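See below for the structure under consideration.
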Amino acid sequence: MNLKNLELEQWQALLAPFAPSTTAIRKLFAAVFAHGAPNVAALRQVPQVPARVRDHLLARAEVPSLTVLERRRAQDGFVKYLFGSPAGGRFEAVRIPLFEEKYVVCISSQVGCALGCGFCATGRLGFSRNLETWEMVDQVLRIRQEADRPVRGVVFMGMGEPLLNPTEVLRAARILSHPAGLAIAARAISLSTAGVVPAIHRYVREGHPYRLVFSLTSAIPAKRLLVMPIEATHALPSWCQPFAPTPTRAKSAPCWPTSSFPASTPGTRMPWRWRRPSEASPSSSTSSTSPTSAVATCRQARRNSPGFATTCDC
Ligand code: SF4
């Protein structure tokens, strides 16, 4: 049994017959993911774990690791890793430096890729297999082990289409973002898709907290079709369908301020704050500002103060 493939809840189910404390299970989970235990023998050192649990794991479980086959360092600080897996296949990841203070890691989700985009070397390899959860998590663990700065983000933009391997990818994302796992903020984890529409539907329906990034290449369908064959199956307009505004999706609603906008002056703070319609008082949301003029005002305000962040779709 591969412990690196399991989420915390699966650890709890696995060890339930031995009735260990929640703390003991969390410590074991953290030993593997937060501290990067190199093998199952390292779990001997974990404190507060009953001997019967430890013996069971040592006898039945394994904590495998990827092998780093090659590293290539670029002058701009990017490092490309080539990994080999005991399950077979070779795949790549990239360590990306950000602001001289942290790293983001770009990892693979498949060996090869079936989508065959014309500009992509991976596409020319063809598809070999889906990576398992542990193989994705271990790319981050291995890179983090030799990093001189913290790893604060992960992007699934390496080899493969993440939404064609969604179960393993999402489990890996949950382990990466778990506080007792690698503790990477969910909003700092991005999944990049070439546009697998049924999987986008599922992703939106399930409401995952990770960012979904669309690989567009060209917004003109005819041009896109030339380099991305997936355009023939899932055309661009069908992508937007899952994001159509519905009454339950508050983020799709426009927002507007409850007073008129002053001209922005550099170095001064805005005297008003943004409010969603649900926050605004009845008098301000219904009588004084119509949605149409409010959207126009919202856009004007954003033009006046480009650094001002909002979450509305105006
Ligand atoms: S989906 Fe991504 S990995 Fe696959 S062929 Fe296209 S660009 Fe390459």
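Nothing here was measured: the structure is a model prediction, and the numbers come from that model. Numbering of ligands and ligand atoms starts at 1, following listing order.
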Ignoring hydrogens and angles, write down the donor-acceptor pairs under 3.5 Å from the side chains of residues 12-30, residues two or more places apart or on other chains.
residue, atom, partner, partner atom, Å
S21, OG, A24, N, 3.1

- Task: Scan for salt bridge (Lys or Arg N to Asp or Glu O under 4.0 Å) pairs involving residues 49-61, sequence neighbours excluded, and state none if there are none.
- Result: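 Checked against salt bridge (Lys or Arg N to Asp or Glu O under 4.0 Å) - neighbours excluded - no pair reaches residues 49-61.
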- Any ion pair linking R71 and E146 (charged N to carboxylate O, less than 4.0 Å)?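 The answer is yes: the pair qualifies as a salt bridge.
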- Query: Any salt bridge between E135 and R129, counting N to O under 4.0 Å?
  - Reply: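 Looking at R129 together with E135, the answer is yes, because their closest N to O distance falls below 4.0 Å.
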- Task: Please report the shortest heavy-atom distance between L164 and P166, naming the atom on each side.
- Result: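 Closest approach of L164 to P166, heavy atoms only: C-CD, 3.3 Å.
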Atom pairs and distances, side-chain donor-acceptor, residues 104-124, under 3.5 Å, sequence neighbours left out:
residue, atom, partner, partner atom, Å
S108, OG, E92, O, 2.5
S108, OG, M159, N, 3.0
Q110, OE1, E161, N, 3.0
Q110, NE2, N130, OD1, 2.8

- Query: Taking atom 8 (Fe) of ligand 1 as the centre, how many protein N/O/S atoms fall inside a distance shorter than 2.8 Å?
  - Reply: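 Count of protein N, O, S atoms less than 2.8 Å from atom 8 (Fe) of ligand 1: 1.
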